[in-house]
Each structure stands twice: as C-alpha cells, then as structure tokens.
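In what follows, chains carry the letters A, B, and so on, assigned in the order in which the sequence lines appear, proteins first and then strands, with residues in each chain numbered from 1. Below, each value reflects all heavy atoms present in this structure, side chains not excepted, and no hydrogens, waters or symmetry copies.
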Amino acid sequence: MDDKNYVKELTKMDDNFADWYTDIILKAELVDYAPVKGFMVIRPYGYELWENIQKVLDSKFKETGHKNAYFPLLIPESLLNKEKEHIAGFAPEVAWVTHGGDNELTERLCIRPTSETMICTMYAKWIKSHRDLPLLINQWANVVRWEKTTRPFLRTAEFLWQEGHTLHSTAKEALEETLKMHKIYADFCEEYLAIPVIKGKKSEKEKFAGAEATYTIEALMHDGKALQSGTSHYFGNHFAKAFDIKFQNKEGKEEYAYQTSWGMSTRIIGGIIMTHGDDRGLKLPPNIAPIQVVIVPFAQHKDNVLNEVEKIKNLLSKKFRVEADVREEYSPGYKLNNWELKGVPVRIEIGPKDIENESCIVFRRDTFEKQTVKLEDLEEIISKLLIDIQSNMLQMAKDNTIKHTYTAKTLEEYTNIFKEKQGYVKIMWCGCTECEDKIKELTSSTIRCIPFEEEHISDVCAICGKPAKHMVYTARQY
RNA sequence: CGGGGUGUAGCGCAAUUGGUAGCGUACGUGGUUUGGGACCAUGGGGUUGCAGGUUCAAGUCCUGUCACUCCGACCA
C-alpha cells in the first residue's frame with residue numbers, strides 16, 4: 001500500500017517549505033519548467049488563476065480612470081541610459097538582443113526589464129499642455145530580468161505583470177495617485193486573495209531604482225518569510241527631466257510633469273500558494289479560484305447519477321465557477337485527493353445513496369468539514385459557504401501573521417529571534433543605511449517597510465542606539 | 001562568482017568484489033471495479049550526462065568536461 005502511493009505523496013510543508021512549494025505547483029499543474037533555465041511555463045490551470053487576477057485588477061484600474069495600452073518589448077540601449085539611477089539598478093539583469101537575422105545591430109536592444117524608459121519617451125511626445133494631464137495608462141505585459149537564482153512565480157527570468165504609468169501636473173496629485181494605487185493593491189490582496197498585508201514605504205536602500213519614494217505591500221508567508229507583493233512608485237519629475245516630458249501650465253509656463261508607476265506580477269500567485277497552502281496542497285480563496293465548486297460523482301456508471309450531476313452543475317453554473325469531474329478512468333478516491341491538491345474551495349460528492357435521500361455531501365477545503373445538504377438548499381448553502389471560506393482564510397492568514405510577528409529593542413534580542421524563528425520583527429530605526437546593512441549582514445533580514453501605522457517601541461534605534469526616527473517591519477524575504 | 005551535493009526509463013530509486021542494467025510508479029492493451037489516491041493479466045520503454053583512459057570485461061576504477069541542484073552575494 002505504501003509503495004503504491006509514495007510517488008503521489010506531497011512533501012510535508014513543515015519539513016522543507018521550499019520543496020513543498022515546488023512539489024505542489026508542479027503536481028497541481030500550475031506550471032512546468034521551460035527548456036530555458038529560469039523560465040517557467042504557466043499551464044492552463046495556473047493561467048486561469050492569473051486571468052482571474054487580471055480581471056479584477058483591470059476593472060479596478062478602469063474604475064479609477066485608467067486605460068490600457070501596449071508598448072514594444074525591445075528598448076534601445078540609448079533610451080535605457082537616459083536615467084542614471086534607473087540604469088544602474090537594472091543593468092546587471094537585462095537581456096540584450098544584438099542581432100537581427102544575421103546582421104549585427106548598430107545599437108543593441110534590451111528586452112524590457114520594465115517599461116519606464118520606453119513609455120517616458122512616448123509620453124514626451126504626447127504631452128504639450130496641462131489639458132493633456134493627467135495621463136493614466138496601464139500595460140499588461142511580460143518583462144525579462146536575467147536573475148541568477150530563480151523559483152517559479154517568485155522569481156523567474158520572465159514574468160507577467162501589469163505596469164501602470166501616469167503623468168500629473170502637480171506633485172501632490174501624483175503622490176495621491178501613487179497612494180491610491182497602493183491602496184487598490186492592498187484591498188485587492190485582502191478582499192480577493194485573503195492575504196493580509198502590511199502597508200508602508202520602502203527605505204532609501206530598498207526603493208525602486210530612479211524613484212523618489214516606493215510604497216509597498218508586504219505579506220508574510222506560511223514559513224515566516226516576507227514577500228513584496230505589489231509596489232507603487234512616486235517619481236517626482238526625475239524621469240520627466242531625463243526624458244524631457246514638459247507641458248505648459250495654466251499660466252503659460254513650461255513645467256516638468258510629475259510621474260508615478262505601479263505594478264503587480266505573477267509573483268502574487270506564489271504568494272497565494274505560500275500563504276494558504278497546506279499538507280494536502282493548494283488552498284485557493286473562492287474569490288479568485290478558477291474552479292469554485294467541483295462535483296465528484298460516486299458510482300457514476302449508474303445512469304441517474306450523471307443526470308443528477310448535470311442538473312446540479314447547470315443550477316450552480318449560473319452563480320459560480322463549477323466543474324463536474326465525470327472522468328471514467330479515475331476512481332472517486334483519486335478525484336477527491338486531486339481536487340484537494342488543486343485547492344478547489346468547495347466539493348460536492350454525490351452518489352446513489354444521496355440521490356435516494358435527495359441530498360449530497362458538501363466538503364470545504366479550508367477546514368475539511370463535511371456536511372449533508374438537501375439538494376433544494378444547495379445553492380443557498382454554497383453561496384454562504386464560499387463567503388465564509390473567503391473570510392475564514394483571511395482570518396487564518398492574519399492569525400499566522402500575528403503568530404510570527406515579534407519585537408526587538410536591542411540588536412542582541414534581534415539576532416536571537418532570527419537564530420530560531422522566522423517572521424516579522426518590529427524594531428525602532430534611526431533611518432541610516434549603515435544600520436540596514438548591519439542587520440542584513442548579521443541575519444540576512446532586511447527592512448521590509450516603514451509602515452503607515454507605526455508603534456512606539458522605544459526611543460532609540462535597536463541597532464546603533466541613536467535616537468529613532470521610525471518603527472519598521474523587518475524580515476527575511478523572498 | 002565562492003562552499004556542498006547529484007547525474008541510470010517520463011518521475012522516484014536499485015545494481016555486492018568490475019561480469020554486460022533492474023524495481024516501484026507513470027504509460028499502452030484486455031477485463032473486472034467505483035462512498036477517500038482500485039485490482040488482475042499483459043506489453044512497450046535505456047548509447048547509465050558527455051569524451052577519453054585502464055581491463056578479456058566499466059553504471060561501477062582513473063582523467064577531463066558538461067549539466068542540474070542546495071547554501072551564500074544580487075533582485076518584483
């Protein structure tokens with residue numbers, strides 16, 4: 001019995017989290033490795049998840065007045081070089097195109113690691129007057145960053161994302177936009193992905209190359225490591241000056257535009273997996289799950305069973321994303337395990353005995369509870385159940401975050417925490433980069449963000465003892 | 001780029017002192033099954049990462065090389 005099943009067994013998530021992670025994303029058929037190292041193939045089930053994320057975010061962007069557009073994949077080297085901090089930040093990890101057919105190009109082209117430079121170049125042509133502002137554009141695209149070590153979703157050489165790029169006539173308005181999008185990301189994570197996040201600002205050391213300020217949402221994974229899940233940058237007129245994006249204001253004077261950019265990537269899928277998954281596999285929040293309800297029939301060869309399955313499917317399909325698993329070549333037991341592995345939030349089991357009683361069994365993935373439900377009540381029960389699962393998953397993730405949040409007042413306390421634990425550690429910080437470098441060297445943890453909501457732990461920096469400026473969240477990170 | 005590890009069937013592994021490659025699973029076919037990863041029968045699948053060397057004989061020993069992977073540094 002044991003040796004029959006061992007290939008199917010999942011790695012236990014507590015034993016080795018990294019193995020567990022790669023194990024389930026492959027077995028749940030979200031991704032596969034590509035022939036080119038560092039790249040991943042997103043399989044249909046994984047891509048449906050991404051499509052659902054896209055759908056929700058896209059509608060939120062449109063509600064706030066943004067429009068989608070598309071810009072080229074390749075960026076001439078000269079454009080990339082226009083903003084020096086930006087190029088310094090990205091140069092080590094860009095991929096270059098040097099040939100067109102057999103001919104060597106006179107100027108090599110980089111595959112976009114992000115589109116600021118390309119988009120700024122176009123914006124400079126499009127903006128003449130304050131009447132052209134604000135310009136609110138988003139792009140859904142792929143980008144390439146030649147990373148040394150990769151892991152599917154979390155850090156791949158190519159990833160899918162959206163990048164919003166906006167121009168404004170005042171600094172105030174641009175900053176408001178930056179914070180507005182930051183809030184959209186945070187709300188999206190909590191409401192749809194059931195991932196609680198810490199909202200805050202990045203330190204000078206951690207901010208985006210070329211930005212004046214970077215705002216971030218940080219999520220804590222099941223193993224106590226943090227994941228930067230979405231960023232929103234305020235550029236001031238840094239890029240505008242480098243790319244000559246000017247407009248005439250109401251007084252007729254020429255002025256540089258103020259700019260923002262913000263992005264969320266397929267990395268967030270890694271976040272969903274590592275926030276909610278368990279020893280049985282994925283656990284997807286109902287609001288984003290490709291399949292919300294799966295119907296597994298027992299003894300399906302008996303005629304009336306399949307009829308009943310069909311009826312239930314038709315009924316529920318009006319309101320939910322439903323799939324009926326009527327594959328004959330797999331046993332019911334296999335299907336139960338397989339759909340748990342794939343993280344479907346609700347499962348309906350139905351067989352001859354249930355049909356006789358005009359009922360079925362409803363199973364919830366988050367708590368493993370089973371209940372017998374009369375068929376006439378099914379739609380209503382499922383409706384409530386999905387809402388309940390969604391909020392329960394958020395609550396469980398919040399509890400886990402709280403459980404893994406510590407505070408330290410001294411450097412000794414701080415390093416001791418990281419010797420045996422993983423999680424957020426709240427400390428006071430003087431604001432200098434030397435102290436950031438020091439904790440990274442000692443514990444390989446970094447300042448994740450300066451939260452919007454700071455607490456007062458003490459008056460002095462936990463690292464150097466000088467007067468503290470901020471309370472910060474630190475953690476080891478993905 | 002530094003330190004460790006591994007390369008044998010799609011995947012996971014085995015092969016004693018050097019003796020000519022096997023097991024599980026997955027896959028094909030036929031049948032029986034179906035309330036928690038079904039069973040029986042049967043079949044296909046391999047230049048043992050690559051190159052060279054020692055030997056009557058190399059998966060096994062030697063030399064070189066390549067690839068992958070884990071831990072560090074760099075990063076959404």
Side-chain angles (χ1 to χ4, degrees), chain A residues 1-11 16 18-19 22-23 26-27 32-33 35 37-38 88-94 112-114 142-151 153-163 185 202 205-209 211 214 216-219 226-233 261-271 280-281 296-302 305-306 325-341 347-357 360-361 363 368 370 372 437 440-441 443-444 446 476-478:
Chain A
M1 198 65 172
D2 286 332
D3 53 334
K4 269 174 216 154
N5 290 333
Y6 86 105
V7 165
K8 298 168 188 164
E9 286 295 339
L10 289 169
T11 306
N16 187 338
D19 287 349
T22 45
D23 201 22
L26 293 173
K27 286 187 174 150
D32 202 352
Y33 295 108
K37 197 194 159 195
F90 282 101
E93 53 186 35
V94 292
R112 60 183 166 214
T114 178
N142 58 341
V143 290
V144 169
R145 297 180 189 178
W146 213 264
E147 302 286 352
K148 291 182 186 91
T149 52
T150 58
R151 182 173 298 179
F153 291 124
L154 299 178
R155 174 159 299 108
T156 45
E158 179 187 18
F159 57 92
L160 305 182
W161 75 346
Q162 57 70 216
E163 46 180 328
Y185 288 146
K202 282 287 182 193
K205 182 177 154 71
E206 298 279 330
K207 75 179 187 186
F208 181 82
T214 291
T216 178
I217 51 173
E218 298 286 326
L227 185 75
Q228 180 173 312
S229 305
T231 47
S232 188
H233 314 290
S261 89
W262 26 275
M264 182 174 269
S265 75
T266 39
R267 166 181 265 196
I268 197 69
I269 296 175
R280 294 208 205 177
V296 175
F298 284 87
Q300 67 181 43
H301 55 282
K302 294 181 180 163
V305 175
L306 282 181
D325 188 354
V326 295
R327 293 176 294 178
E328 282 174 27
E329 57 277 23
Y330 290 99
S331 70
Y334 176 89
K335 292 177 186 175
L336 303 186
N337 285 286
N338 195 239
W339 290 113
E340 280 167 23
L341 168 62
R347 180 177 72 222
I348 295 171
E349 301 167 25
I350 186 155
K353 284 183 217 164
D354 306 296
I355 293 170
E356 221 169 274
N357 301 324
C360 61
I361 291 166
F363 167 91
F368 305 112
K370 278 184 182 184
T372 305
D437 290 340
K440 185 161 187 184
E441 196 191 314
T443 63
S444 75
T446 54
R476 293 205 178 106
Q477 73 288 343
Y478 278 100

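- Proximity note for A/F159 (side chain, C-beta onward) versus B/A76, B/C74, B/G36: the nearest is B/A76.
- Annotation for A/P297 and A/V305: closest pair CB-CG1, 3.8 Å, computed over non-hydrogen atoms.
- As rounded to the nearest Å, B/G28 and B/G44 have P atoms that lie 16 Å from one another.
- As rounded to the nearest Å, B/A21 and B/G59 have C1' atoms that lie 8 Å from one another.
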Chi angles and distances behind the side chain to side chain contact (heavy atoms under 4.5 Å, CB included) call for A/R145, A/F159: CA-CA 8 Å; A/R145 297 180 189 178; A/F159 57 92; 3.9 Å; yes
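- A donor-acceptor pair shorter than 3.5 Å can be found between the side chains of A/T446 and A/Q477.
- Rounded to an integer number of Å, the gap from CD of A/E328 to P of B/U33 is 14 Å.
- Under the rule for a ring-ring contact (aromatic ring centres under 6.0 Å, His included), A/Y33 has no partner lying at least two apart in sequence or in another chain.
- For A/Q477 and B/A76, the CD to C1' distance is 12 Å, given to the nearest whole Å.
- Proximity note for A/D354 (side chain, C-beta onward) versus B/C68, B/A76, B/G35: the nearest is B/G35.
- With C1' as the reference atom, B/C66 and B/G12 are 24 Å apart, rounded to whole Å.
- Regarding A/K440, its NZ atom lies at a distance of 8 Å from the C1' atom of B/A73, rounded to whole Å.
- Summarising the geometry, the separation between NZ on A/K27 and P on B/A26 is reported as 12 Å, rounded to the nearest angstrom.
- Comparing atom distances between the A/L336 side chain and each of B/G36, B/A76, B/C68 picks out B/G36 as nearest.
- There is a side-chain donor-acceptor pair under 3.5 Å between A/R112 and A/N142.
- Note on A/T156: a base of the nucleic acid sits closer than 4.0 angstrom, heavy atoms only.
- Taking atom C1' on both nucleotides, B/A38 is separated from B/U25 by 15 Å, rounded to a whole Å.
- Closest approach of A/G230 and A/M264 over heavy atoms only: CA-CE, 4.5 Å.
- One cannot find a donor-acceptor pair under 3.5 Å joining the base of B/G35 and the side-chain atoms of A/K370.
- Look at NZ on A/K302: it is 11 Å from P on B/U33, rounded to the nearest Å.
- As rounded to the nearest Å, B/A26 and B/C11 have P atoms that lie 15 Å from one another.
- Following rounding to the nearest Å, A/I361 (CD1) and B/G35 (C1') show an atom-to-atom distance of 7 Å.
- When heavy atoms are screened at a 4.0 angstrom cut-off, A/E147 is found touching base atoms of the nucleic acid.
- Within 4.0 Å (heavy atoms only), A/L154 reaches at least one base atom of the nucleic acid.
- In this structure, A/Y334 places its OH atom 18 Å from C1' of B/U33, rounding to the nearest Å.
- Residue A/P332 is classed as a base contact, given a heavy-atom separation below 4.0 Å to a base.
- The residue A/T149 sits close to a base: some heavy atom pair falls under 4.0 Å.
- The nucleotide whose nearest atom lies closest to any side-chain atom of A/F363 is, among B/G35, B/G36, B/C68, B/G36.
- Residues A/E206 and A/T214 form no side-chain contact, since every pair of their non-hydrogen atoms from C-beta on lies 4.5 Å or further apart.
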Secondary-structure string, 5' to 3', Watson-Crick or G-U under 3.5 Å, | for another-strand partners, for RNA chain B: (((((((..((((.....[..)))).((((((.....)))))).....(((((..]....))))))))))))....
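- For A/N337, counting side-chain heavy atoms from C-beta on, the closest listed nucleotide (B/U34, B/G37, B/A76) is B/G37.
- Side-chain atoms of A/A299 lie closest to B/U34 of the nucleotides B/A38, B/C74, B/U34.
- Rounded to whole Å, atom C1' of B/G36 lies 14 Å from atom CG of A/L341.
- Comparing the P positions of B/G5 and B/C62 gives a spacing of 15 Å, expressed to the nearest Å.
- With a 6.0 Å cutoff to the six-membered ring centre and a 45° limit on the axis angle, A/R327 does not count as a cation-pi contact of A/Y334.
- For the P atoms, the distance linking B/A58 with B/U20 amounts to 11 Å, nearest Å.
- As rounded to the nearest Å, B/G18 and B/G2 have P atoms that lie 35 Å from one another.
- Among the protein residues, A/G351 comes within range of the nucleic acid bases, having at least one heavy atom under 4.0 Å from a base atom.
- In this structure, A/F153 and A/R347 both approach RNA chain B, and ranking their closest nucleotides by distance from the 5' end singles out A/R347.
- Below the 3.5 angstrom threshold, one finds a donor paired with an acceptor across the side chain of A/E340 and the base of B/G36.
- If you check every strand for non-hydrogen atoms under 4.0 Å, A/P297 touches nothing.
- With distances taken from any side-chain atom of A/K353 to the nucleotides B/G35, B/C68, B/A73, the minimum falls on B/G35.
- Judged as a side-chain contact (heavy atoms from CB on, under 4.5 Å), and not counting sequence neighbours, the contacts of A/P332 are A/F298.
- Using a 4.5 Å cut-off on side-chain heavy atoms (C-beta onward), A/I348 and A/I361 make no contact.
- If A/E206 and A/S331 are placed on RNA chain B by their nearest nucleotide, the residue sitting closer to the 5' end is A/S331.
- In this structure, the nucleotide among B/C74, B/G36, B/A76 sitting nearest to the side chain of A/E349 is B/G36.
- Below the 3.5 angstrom threshold, one finds no donor paired with an acceptor across the side chain of A/R280 and the base of B/G37.
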